[in-house]
Amino acid sequence: MNILVINCGSSSAKFQLFDIDNGKVLAKGNAERIGIGNSKLTYNPDGGKAIVIEQDMPDHKVAVKMILDALVNPEYGVIASVDEIAAVGHRVLHAGKYYSESVIVNDDVKRVIRECFPLGPLHNPANLIGIEACESVLPAGTPQVAVFDTAFHQTMPPKAFMYALPYEYYEKYDIRRYGFHGTSHRYVSKRTAEFLGKDPKDLKIITCHLGNGSSFAAVDGGKCVDTSMGLTPLAGICMGTRTGDIDPAIVPFIMNKEGLTPDEMDTLLNKKSGVMGISGVSSDFRDLAKAANEGNERAQLALDMFAYQGKKIIGSFAAAMGGVDVIVFTAGIGENTDTMRAAMCKDLEFLGVEIDDEINTGLRGKEAIISKASSKVTVCVIPTNEELAIAQETEALVR
Ligand code: AMP
C-alpha cells in the first residue's frame with residue numbers, strides 16, 4: 001500500500017511517498033516558494049538522481065499537481081498512476097482540544113482545523129490548504145488523514161495543562177497547554193517500549209525530542225501526562241531561536257523599553273532568541289559546539305543553558321510521574337550529539353541515571369541503550385521518524 005505524506009507550510013509542501021508494507025520511501029522532496037515567485041520542486045526518487053523542476057507554483061494546488069506529476073513521470077516517476085496512492089497523511093499542527101488521535105478528514109475535521117487557526121496561525125491555514133489541494137487533484141474518494149502535532153498530549157490532566165490565568169481566558173479562548181511534536185513523542189515512546197521488549201503500560205518514559213525545536217514529554221503507561229511546550233511551541237527548554245520559558249513579565253518590560261509592537265515582540269521571542277540569541281553565533285548546535293571548542297564563551301554558555309534546562313525538565317517530569325524507568329533521546333541533537341546527552345544526564349545519578357560513556361561517545365542516529373547495566377534508569381537513543389509515523393497512522397486508519 002502506497003501512502004503519500006504531506007507537510008504543508010505557508011509557502012512550501014514537503015512530501016514522502018511510502019510503500020508502507022515494507023516502510024520504504026519510494027520518493028521524497030519539497031515544493032518551495034509557492035505563491036511567492038521563483039518556485040521550485042526538488043524531487044528525489046529512491047535510488048535515482050535528485051531532480052529540480054523550476055516552474056511557477058502560484059498556489060498549493062499547482063504544487064500538489066506538480067508533485068503527483070513527478071511521481072508518475074514515465075522517466076523518473078516511481079508509480080504508474082496516481083490510483084496507486086491509497087491515501088494521503090497530512091501533518092497538521094493544531095487540533096486544539098478536539099482530537100487525541102489521527103482522523104480521516106471530513107467536513108467536521110476541516111471545521112476543527114479552521115477553528116484552530118487562531119492557535120496555529122502560521123501552520124493550520126497552510127495544512128488545510130494542503131488537504132484541499134490534494135482533494136481537488138487526487139482521484140475522488142482517496143482518503144486524506146490528518147495527523148495532529150497536538151493529539152498525543154490530549155491525555156494530560158487539567159492540573160498539567162492549565163495556566164494560572166483568570167479561568168475565563170480558558171473558557172473564552174481555549175488558552176491552555178497543548179504541546180507539540182506529538183507524533184514524534186508517540187512514535188518514539190512506543191518504539192522505545194518495543195526496543196526494550198516491554199509493554200508501554202509498565203513504563204514511565206521521558207521522551208526528549210531535541211532538534212531545532214525541542215520538547216519533552218512525560219509518558220506514563222503509554223499516555224502523555226505532561227509536556228514542555230505550551231499553547232504554542234515557544235515554551236519549555238530554550239531552542240535554536242526560541243526563548244523557551246522565561247519570566248512572562250519580561251515581555252511587557254522589553255516592549256516598553258524598546259517600543260516594540262506585539263508582532264515585533266513575537267518575532268524577538270521566536271526568531272531572535274534561544275541559543276542563537278545567547279551565542280550570537282548560530283542556532284545550529286554543530287556551529288555552537290565548534291565555536292565553544294574554539295573558546296567562544298557565549299557559545300559555551302548557550303550549550304550549558306540548554307543542558308541545564310533540559311536536566312531540570314527531566315527532573316520535574318520524574319517527579320510528576322513519581323519516578324522514571326526510561327529516558328530517551330531523539331531528533332537531530334538527541335540522536336547525534338553524545339556530549340549533549342551526557343551533559344543533560346550529568347548529576348542525575350541521584351535519580352539512578354548512569355550513562356555508559358563508552359557506548360554513548362560517538363553514537364549517532366541508531367537505536368541503542370546508552371546507560372550502564374547497573375543504571376536504575378535505562379537511557380536510550382531512538383531515532384524519530386515523523387513522516388513514517390504519519391504514514392503508519394494513516395495506513396492504520398484507512399485499512
Ligand atoms: P532537527 O530539527 O531534528 O533536524 O535538528 C536540528 C539540530 O540537530 C541542529 O541544531 C543540528 O545542529 C543538530 N544536528 C543535526 N544533525 C547533526 C549531527 N549529525 N551532528 C550533530 N548535530 C546534529
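These numbers come from a predicted model, not from an experiment. Excluded from the calculations below are hydrogen atoms, water molecules and symmetry mates; all remaining heavy atoms, backbone and side chain alike, are included. All residue numbers in this chain count up from 1 along the given sequence. Order of listing sets the numbers, starting from 1, for every ligand and every atom in it.
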Any heavy atom of Arg364 under 4.0 Å from ligand 1? The part involved is side chain
For [atom], find the nearest protein heavy atom and state the residue, atom name and distance (0.1 Å precision).
atom: atom 6 (C) of ligand 1; answer: Asn212 N, 3.6 Å
atom: atom 16 (N) of ligand 1; answer: Asn336 ND2, 3.3 Å
atom: atom 7 (C) of ligand 1; answer: Ile333 CG1, 3.8 Å
atom: atom 10 (O) of ligand 1; answer: Phe285 N, 3.0 Å
atom: atom 3 (O) of ligand 1; answer: Gly332 N, 2.9 Å
atom: atom 11 (C) of ligand 1; answer: Asp284 OD1, 3.5 Å

Would you say the side chains of Glu335 and Thr330 form a donor-acceptor pair under 3.5 Å?
-> yes
Q.
Do Ser102 and Glu393 pair up side chain to side chain, a donor and an acceptor below 3.5 Å, judged on atom types alone?
A. yes
side-chain contact (heavy atoms from CB on, under 4.5 Å) with Tyr43: of Ile67, Leu71, Val52, only one passes, and it is Leu71
Does Leu119 reach the side chain of Tyr173, with side-chain heavy atoms less than 4.5 Å apart? no
| message | Is the terminal nitrogen or CZ of Arg176 (NZ for Lys, CZ for Arg) located under 6.0 angstrom from the six-membered ring centre of Phe161 and within 45° of that ring's axis? | response | yes
Closer than 3.5 angstrom, by distance alone: can the side chain of Asn2 be matched with the main-chain N or O of Ala86 as a donor-acceptor pair? no
So CG of Asn360 and SG of Cys345: to nearest 0.5 Å the spacing works out to 8.0 Å
Do any N/O atoms on [X] end up under 3.5 angstrom from N/O atoms on ligand 1?
X: Gly211; answer: no
X: His209; answer: no
X: Leu210; answer: no

The ring-ring contact (aromatic ring centres under 6.0 Å, His included) partner of Phe180 among His153, His94, His209, His185 is His94
Restricting to heavy atoms, the pick from Met340, Met239, Glu386, Arg286 nearest atom 22 (N) of ligand 1 would be Arg286
Answer yes if Val398 and Val147 sit in the same cluster of Ile, Leu, Val, Met, Phe, Trp and Tyr residues linked by side chain heavy atoms under 4.5 Å apart, and no otherwise.
yes
If we number the atoms of ligand 1 from 1 as shown, the ones under 4.0 Å from a heavy atom of Ala331 are 3 (O)
In ligand 1, the atoms that come under 4.0 Å of a heavy atom of Thr337 are 21 (C), 22 (N)
